[in-house]
Amino acid sequence: MGTAEPTDSEGMLISGRIGGSRATAAPEQRVYLVGGTPACGLSRMIDLASVGLLLAEAAQFRSDPERLWAYSVFEDDLDEWVPEGCRDLCAQLLAPSPSDRPSAKEALAHWWLNE
């Protein structure tokens, strides 16, 4: 998944050793994993993107890793039969910009999880 590294007071990762699986990595984490420096830096929000991808995988793509990859790079979407709330939460968690992703607390308060 994402990280378990310490962060500074603004939530940015202090350590430069970030691992993770490319299949469930946030867009900015993928840049880092191939040796680049993401413009937005690396924050704990990479974990929220990973949770969104894991949820999408559980909802639809568990037997189709190629489609999960396409979804993770915004080239595919969850099918209409996946509940609207699940699609909405996954989209929020995987927002391209980390600043547009909900916090863990906000994600847990999502209406779909509280129906």
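This chain uses plain numbering: 1 for the first residue, then up along the sequence.
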Any salt bridge (charged side-chain N to carboxylate O under 4.0 Å, His left out) involving residues 79-90? Give me the pairs, sequence neighbours left out, ordered by first then second residue.
R67-D79, E80-R87
Are L94 and V82 joined in one hydrophobic group, where the rule is that I, L, V, M, F, W and Y side chains link up if heavy atoms are under 4.5 Å apart?
yes
Grab the two heavy atoms, one from A25 and one from L33, that are nearest each other, plus how far apart they are.
CB-CD1, 4.2 Å
Residue pairs, two or more places apart or on separate chains, that pass salt bridge (charged side-chain N to carboxylate O under 4.0 Å, His left out) and touch residues 100-109:
E28-R101
With a 3.5 Å distance limit and no angle check, can you tell me whether S50 reaches the backbone of T24 through a side-chain donor-acceptor pair?
yes
Less than 4.5 Å apart, any side-chain heavy atom of S72 and any of R30?
yes
For A109, give me all partners under side chain to side chain contact (heavy atoms under 4.5 Å, CB included), at least two apart in sequence or on another chain.
none
Hydrophobic cluster membership, with links at side-chain heavy-atom distances under 4.5 Å among I/L/V/M/F/W/Y: are L78 and L68 in one?
yes
Sequence-distant partners of S63, side chain to side chain donor-acceptor pair (under 3.5 Å), two or more places apart
none
Restricting to pairs with a member in residues 37-85, which pass ring-ring contact (aromatic ring centres under 6.0 Å, His included), not counting sequence neighbours?
F61-Y71
Treating Ile, Leu, Val, Met, Phe, Trp and Tyr as nodes and any side-chain heavy-atom pair under 4.5 angstrom as an edge, say whether I46 and L53 lie in one connected cluster.
no
Give every residue pair that meets the ring-ring contact (aromatic ring centres under 6.0 Å, His included) criterion with at least one member in residues 86-115, sequence neighbours excluded.
none
